[in-house]
Amino acid sequence: MTTQIAKTYFSEELLAWYRRGNRDLPWRKNRDPYRIWVSEIMLQQTRVDTVIPYFERFMASFPTVQALAEAPEEEVLKCWEGLGYYSRARNLQAGAKMVMELYNGIIPDNKDAVAGLKGVGPYTAGAIMSIAFNRPEPAVDGNVMRVLSRYFCLEDDIAKPKTRIGIEKLAASLIPEGAAGDFNQALMELGALVCTPKSPSCLPCPVMEHCEARLAGRESELPIKTKAKPPRPEYRLSVIVEGSGEHAGKVLVRRRPDTGLLAQMWELPHMLLEDVKDGWEQAGIPKESGALAESVTRMLEGETGLLVRPTGWFTDADHVFSHIHWYMRVYTADLGEVYTAFQDWSAAAESREQYETAERAEYRWIGREEMDKLPFPNLFIRILREYWRGASHDE
DNA sequence: CAATCGTGGGC
DNA sequence: TGCCCAAGATT
């Protein structure tokens, strides 16, 4: 049974521990709600050390809600490049526009209003309300669920959405009067530095005296969390098309669709090999043969109307997302003579009677410099860096 | 509820 | 290496 004594002890000792000393993080410089908001979005599923340089750059580029609201979307994505979960960036900007239109550019000191912003869920709403406005709202993230599961010996699966609801009520009941911001941050700070997922450091823990998991010797088996499914493999063919004439020194890239995986990011053209599921060997075709390369150049011809001619294998690269594992085989290619006379894609495509008005991807020729302007997923940054590193040595 | 949505670091 | 993990939201 959870005693009031154990709860009061926990709240007071944890708050005192935090106030005795905590990390000097850039978003703790002041309580500007915009800074708190941006930091909380960046910190979703992302480590503090990773976020810090992104946060500094982002705040330098978009210092205010208005600056963010008025920025070109692609610039915001570029600033987010490499941080992952890119819908966070697009939702954050959508939220900034809401604040401009609905609240005159001022982030409201109101839980329902904040929770109504794009990209702001239960955790982030609680974090903003407590840290920026010191309102007594719980902010339950993975740290908090782990810390409280151990301290109170809770055996609910923290991977289940329902579990968070229960822990929110508990967390709310622990908030000391007038200290919501510091207390919520203390909970997360403890989870990040002391009550860590693997081998928690119980001896320096400020609340270990009444930690039920520790007292039962069960701190390493809590919290209970079901494993995520492993990412499914996808074998893909990609191609670096080398331009000629006015596009000499450039390669062909395209922009991804507005929704879904890596939405609106730029990438090398590629296609899924639907019948390969157990490795490249299963395809039964060596990478040096032209057969695989031709299937991706044919796809590209259909999409662009260009005549694309494979020239060789470039590299194999793989990339793991949360739910998909991409195995990418990358070829090089150049342009045949027939269609290069056309000035634009639609004219070229129309000439082949393949023009469709609906959903044609946007293609563009870019050089090394343009890569620094457009947002690319990590995988293609790696491939293109390698490509241009080699290309610069040739000339 | 379960799936979708990135990336880098630690062991 | 392979696996787990990290200040979650959306559908």
Would you tabulate the side-chain donor-acceptor contacts of residues 110-122 of chain A under 3.5 Å, counting partners in other chains and residues two or more places apart, or write 'none'?
{"residue": "A:Asn110", "atom": "OD1", "partner": "A:Asp112", "partner atom": "N", "Å": "3.0"}
{"residue": "A:Asn110", "atom": "OD1", "partner": "A:Ala113", "partner atom": "N", "Å": "2.9"}

Distance-only polar pair, side chains of [X] and [Y], donor-acceptor under 3.5 Å:
X	Y	value
A:Glu70	A:Gln66	yes
A:Tyr86	A:Glu81	no
A:Glu294	A:Tyr331	no

d([atom1], [X]; [atom2], [N]) in whole Å:
X	N	atom1	atom2	result
A:Lys227	C:dG2	NZ	P	16 Å
A:Leu262	B:dC5	CG	P	9 Å
A:Phe376	B:dG6	CZ	P	16 Å
A:Asp318	B:dG8	CG	P	13 Å
A:Glu81	B:dG8	CD	P	10 Å
A:Trp326	B:dC5	CH2	C1'	12 Å
A:Glu267	B:dG6	CD	P	12 Å
A:Arg256	B:dC5	CZ	P	9 Å

Short side-chain N/O contact from [X] to OP1 or OP2 of [N], under 4.0 Å:
X	N	result
A:Thr124	C:dA9	yes
A:Tyr85	C:dT10	no
A:His323	B:dT4	no
A:Asn91	C:dA9	no
A:His319	B:dT7	yes

- Query: Hey, what's the ring geometry for A:Phe10 with A:Phe183, parallel, tilted or perpendicular (30° and 60° as the breaks)?
  - Reply: perpendicular
Taking the [atom1] atom of each, how far is [N] from [M], in whole Å?
N	M	atom1	value
C:dT10	B:dC1	C1'	13 Å
B:dG6	C:dT11	P	14 Å
B:dC5	C:dA6	P	22 Å

- Side chain A:Arg47 and base C:dC5 donor-acceptor under 3.5 Å: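 Result: at least one qualifying N/O pair found.
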Give [X] one of three labels, base, sugar-phosphate or nothing, depending on what nucleic acid heavy atoms sit under 4.0 Å from its own.
X	value
A:Val48	base
A:Val144	nothing
A:Pro122	sugar-phosphate

- Query: Between A:His319 and A:Phe321, is the ring centre distance below 6.0 Å?
  - Reply: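 Ring-ring flag for A:His319/A:Phe321: true, centres closer than 6.0 Å.
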- Query: So, do A:Phe380 and A:Trp266 have ring centers that fall under 6.0 Å from each other?
  - Reply: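 Aromatic pair excluded; centres sit 6.0 Å or further apart.
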- Task: Give, ordered by number, those residues of residues 146-175 of chain A having at least one heavy-atom distance below 4.0 Å to an atom of DNA chain B; if nothing qualifies, reply none.
- Result: A:Lys160, A:Pro161, A:Lys162
- Task: List in numerical order all residues of residues 23-46 of chain A for which some heavy atom is under 4.0 Å away from an atom belonging to DNA chain B.
- Result: A:Gln45, A:Thr46
- Message: Near DNA chain C, counting only heavy atoms under 4.0 Å, which residues of residues 186-203 of chain A show up?
- Response: A:Met188, A:Pro197
- Item | Residues forming a side chain to side chain contact (heavy atoms under 4.5 Å, CB included) with A:Thr8, sequence neighbours excluded |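 A:Gln4, A:Glu12.
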- What pairs with A:Ser87 under side chain to side chain contact (heavy atoms under 4.5 Å, CB included), at least two apart in sequence or on another chain? A:Arg90, A:Asn91
- Message: Let's go through A:Glu301 and A:Arg309 carefully: what are the C-alpha distance in whole Å and the side-chain angles of both, what is the deciding distance for salt bridge (Lys or Arg N to Asp or Glu O under 4.0 Å) to 0.1 Å, and is it a yes or a no?
- Response: CA-CA 10 Å; A:Glu301 286 183 340; A:Arg309 188 173 56 191; over 6 Å; no
- Item | For A:Trp80, the option from A:Phe55, A:Phe58, A:Tyr54 that meets ring-ring contact (aromatic ring centres under 6.0 Å, His included) | A:Phe58
- Distance-only, no hydrogens or angles: does the A:Arg256 side chain make a donor-acceptor pair with backbone N or O of A:Leu261 under 3.5 Å?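 Confirmed, A:Arg256 side chain pairs with A:Leu261 backbone.
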- Note on the structure: Nearest-nucleotide check on DNA chain B, A:Phe321 vs A:Lys229; residue mapping nearer the 5' end is A:Lys229
- Query: With the threshold set at 4.0 Å, does a side-chain nitrogen-carboxylate oxygen contact exist between A:Arg218 and A:Glu221?
  - Reply: yes
- Query: Which residue, A:Asp141 or A:Ala115, contacts DNA chain C at a nucleotide closer to its 5' end, judged by nearest heavy atom?
  - Reply: A:Asp141
- Query: A:Arg232 has a side chain; which of B:dT4, B:dG6, B:dG8 sits nearest to it?
  - Reply: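 Closest of the options to the side chain of A:Arg232: B:dT4.
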